[in-house]
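Chain letters run A, B, ... following the sequence lines, proteins first, then strands; residues in each count from 1.
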Amino acid sequence: MGTSPDLQSCRFYRQERLKHKKSIQRLFSEGKTKKFFPLALYFLQYEPEEIPFHKLLVSVPKKHFKKSVVRNKIKRRIREAYRKHKHIMYNKTGGLPFLLGYVYISKNVHSYKSIEEQVINSIQYLLNNKTN
RNA sequence: AAUGCAGGUUUUCUUAUCGCCCCGAUAAUAUCGGGGAGGAAAGUCCGGGCAACAUAGAGCACCGUACUUCCUAACAGGAAGGUCCCGGUAUAUAUCGGGAACAGAUAGUGCCACAGAAAAUAUACCGUCCCACCACAGGCGGGAUAAGGGUGAAAAGGUGGGGUAAGAGCCCACCGCUUCAAUGGUGACAUUGGAGGCAUGGUAAACCUUACGGGUUGAAAGACCAAAUAGGUUCUGUCUUCUGCUUUUGCGGAAUCGGGUUGCUCGCUCGAUCAAUUUGAGUCAGAAUGGGUAGGUCGAUCGAUCCUGUUAGUGAUAACAGGGCUAGAUAAAUGAUAAGACCCCGAUUUAUCGGGGACAGAACCCGGCUUAUAAACCUGCAUUUUUA
RNA sequence: GGCCGACUAGCUCAACUGAAUAGAGCACUUGACUACGGAUCAGGAGGUUAUAGGUUUGAAUCCUAUGUCGGUCA
C-alpha cells in the first residue's frame, strides 16, 4: 500500500465499486430504501477493511428496458452523476462508510440533468441521516 | 428524370473540460505515451477450431442433408451450369429478369372429407347397341361396350380421321409418355433415330427407400495457485470405561450396556466392559499426502488474420510477394457536458429559429445464414413522362 | 454463455397421427320464473387459433423465420 488515494478528487476508483456477491445480498436484504424518482436508493453502513470507501452499485431492470444500449446509457449517466458529486460525502468525515445501490425505477429515459439533481438530493439525505 | 424490384458499398466529423478499461515506460493508486464496439457485436439456425471424457471392427436404431460439377478447414454456405415455373420483349423460337426443400410414387404400407356411377386390383348407376319374349307408348330377361353423364383439387393419354350393331389405341397421323441405341458433354442433361399401343392419378414439409455425413458434452469446457476450518488416506506412538489399594495375580467402589425379577419405574440380583493371540479393529496425539469451497492466474486474443499488388481460373477461390498488429472487460470499460461543422425535416422575414441524425453495445475465436436498419452513392431490369 | 418448452373466446382448458360451422366450463348479455334479488331454465354474442411465409385440393395441426412468455444447467 503506497500513498493513500485522493478521495476529494472526481476520480472513480475500482475499489469504490460494489462487486462482492455477499455484500450485495446484505445490501438488498438488510439495507434501507428511499425513493428519489426516477431512482430508488438502497443504503447500508458497513465495517471497512482499510480505506473507508463508499461503495456504489447501479442497476437498471431489464423488465423496463429491453435494449442493452438503453440500459447502459442510463447506468453511465447515474455513475457519472455520482462521480461528480461524491466529494460531498468525503468532505464530511467520521462515521462508517456506505454501501449504495441505485436502482432505476422509471419506465422512461430521463435526461442527465434530472438524474443529477436527484443524485445530489440523495447524497444530502444520506449525510443528514448518518449515524456515528 | 421519377417510381418499383433485385444486388452491392459506406455507417457523420472536430475541439475543450472532467472521467473509465487495457498495454508500455518512469516508477508505484502519481506522471507521460499508445490503443479502446458492429455490419449486423443480435437471433443461436448451421459448420469448424479448441478442450475434457469415451473409443477393437461391423451392422441396426436415431438425427441431418438431397438436380450436377466445383470452391472450402467444414457446412444446410458460395460459384458456374442444367431442368421446370412466373413476368417482359420481339414472337412456332430466341433473349432478358426473377423464383424453386429440384433424389425416388415402377420397392412396400397408409391417406384422399363432402360431392360423384366410380378416388385406384377401375366400376357398371344413368346411358348406347344387338337378340328373345310380352304385344308395339313401353316393359322384362340375356349379352356387347366404356363414347357421353351434375360432381370434384384431381376422372384412367389428348386432338383429328378411319372403323363398328353401338363403341373402344381396335387401327392410323401429330403431340405427350415409357423404353432402347447413337452422338455431344467431367456431369446434371441435350439432340437425333428406332420400338412399345399406353402399361404409370396425387401425397414423401405421411411412414418410408436409396446415397452420403454425424462419438458425447460445451469456455459455467478445461489447466494451475491456494488462507482458515472440517473431514478422507498412509505412517509412527499411546491407550483398551473411570478410579482407590496392591510387586503381580487379584480385591473394592462408581459409570455404561445386556438378562432376570408380573406390564412400567425405582430397587435388588447376575453377567460383560474389544475380539483374538506373533495380528486386526477403534480412541487420542504428531507427521506426510492427495482431493477441494470463497478468491486469484491461465484458457483469452497472432489468427483457416488484415491491407495492397501480381499470377491462374468464366467464377466462388487459390498461390506468391511486400507491409501491418488492429478492444480484451469479469456485478463487467469504451462515457458526460458544452461549442462548432455536415446532412435531413418544419416554419418562413431567404437568412434565421426550432426539431432530428437509424438499427443497435463485444464476452473463447473464426466461416456462413437469417432478422433489424435512417441517409447517401453505385449497378441491372421494368413502367411512365420529356427531348433528339 | 448453452439447452428445452408453450402461445386457441375476457379467464381456465379441449379439438389425438391435416377434412371444411374450432368445442366445454366460468364470466358477459336477452328472455322466462320472483314482490325484488340469488339459484334454475331457454337462447345469444364473443376467435384473422401470437405474427409472416411455404407444403397440400385443404393447415389450429406439417415445415421455416420472427415475436412474447416460461423452465433448466454453477
Which atoms of nucleotides 17-19 of chain B (N or O only) lie under 3.5 Å from a protein N or O atom, and what are those distances?
unit_1 : atom_1 : unit_2  : atom_2 : d
B/C18  : O2'    : A/Arg83 : NH1    : 3.1
B/C18  : O2     : A/Arg83 : NH2    : 3.2
B/G19  : O4'    : A/Arg83 : NH1    : 3.2
B/G19  : O2'    : A/Arg83 : NE     : 3.1

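- As the counterpart of B/C251, B/G244 is assigned, both hydrogen-bonding distances of the Watson-Crick or G-U wobble pattern falling under 3.5 Å.
- Expressed to the nearest 0.5 Å, how far CG of A/Asn72 lies from CZ of A/Arg77 amounts to 12.0 Å.
- The partner of B/U352, taking Watson-Crick or G-U wobble pairs whose two distances both stay under 3.5 Å, is B/A347.
- Among residues two or more places apart in sequence or in another chain, the ring pair (Phe, Tyr, Trp, His ring centres under 6.0 Å) test is passed with A/Phe43 by none.
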Report all side-chain donor-acceptor pairs from residues 117-124 of chain A shorter than 3.5 Å, counting only partners two or more places apart or in another chain.
unit_1   : atom_1 : unit_2   : atom_2 : d
A/Ser122 : OG     : A/Tyr102 : OH     : 2.8
A/Ser122 : OG     : A/Gln118 : O      : 3.4
A/Ser122 : OG     : A/Val119 : O      : 2.6

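- No continuous path of hydrophobic side-chain contacts links A/Phe37 to A/Tyr112 [ILVMFWY only; heavy atoms under 4.5 Å].
- Using a 90° window around 0 for the glycosidic torsion, B/U301 falls inside it and is classed as syn.
- Note on A/Val70: it clusters hydrophobically with A/Ile115, by side-chain heavy-atom contacts below 4.5 Å among ILVMFWY residues.
- In textbook terms, a nucleotide whose glycosidic angle is within 90° of 0 is syn, while C/G67, being further out, is anti.
- Applying the ring pair (Phe, Tyr, Trp, His ring centres under 6.0 Å) rule to A/Tyr125 yields the partners A/Phe36; only residues at least two apart in sequence or on another chain are considered.
- Here, B/A363 and B/C344 have their C1' atoms 37 Å apart, quoted to the whole Å.
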Produce the list of close N/O pairs, under 3.5 Å, pairing protein atoms with atoms of nucleotides 36-43 of chain B; give distances to one decimal.
none

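- Nucleotides B/U261 and B/U240 place their C1' atoms 33 Å apart, quoted to the nearest Å.
- Comparing the same atom, C1', in B/U65 and in B/C224 gives a spacing of 43 Å after rounding to whole Å.
- The partner of B/U383 is B/A2, judged by Watson-Crick or G-U wobble contacts that both fall below 3.5 Å.
- Shown here, B/G39 is classed syn by the O4'-C1'-N9-C4 or O4'-C1'-N1-C2 angle, which is within 90° of 0.
- Across the P atoms, B/C198 and B/C172 are found 11 Å apart, a figure rounded to whole Å.
- Side-chain atoms of A/Arg79 lie closest to B/A332 of the nucleotides B/G361, B/U337, B/A332.
- Base pairing annotation: B/U106 forms no Watson-Crick or G-U wobble pair, as no partner gives both donor-acceptor distances under 3.5 Å.
- Distance noted for atom P between B/C207 and B/A61: 16 Å (whole Å).
- Between B/C369 and B/C75, the distance separating the two C1' atoms is 11 Å to the nearest Å.
- For the P atom pair drawn from B/C46 and B/A66, the interatomic distance equals 13 Å after rounding to whole Å.
- Across all strands shown, B/A227 forms no Watson-Crick or G-U wobble pair with both distances under 3.5 Å.
- Nucleotide B/A287 is matched to B/U234 when pairs are restricted to Watson-Crick or G-U wobble geometry with both distances under 3.5 angstrom.
- Taking atom P on both nucleotides, C/A50 is separated from B/U209 by 34 Å, rounded to a whole Å.
- Of the nucleotides present, C/U57 is the one that pairs with C/A19 by Watson-Crick or G-U wobble criteria, both distances under 3.5 Å.
- Remark: C/A14 base-pairs with no nucleotide in the shown strands. Criterion, Watson-Crick or G-U wobble with two distances under 3.5 Å.
- Ring centroids of A/His54 and A/Tyr82 are separated by 6.0 Å or more, keeping the two rings apart.
- With a glycosidic angle further than 90° from 0, B/U371 counts as anti.
- Not a single ring pair (Phe, Tyr, Trp, His ring centres under 6.0 Å) links A/His85 to another residue, sequence neighbours left out.
- For B/U277, the glycosidic angle deviates from 0 by more than 90°, giving an anti base.
- Using a 4.0 Å cut-off between a side-chain N of Lys or Arg and a carboxylate O of Asp or Glu, A/Lys113 and A/Glu116 do not qualify as a salt bridge.
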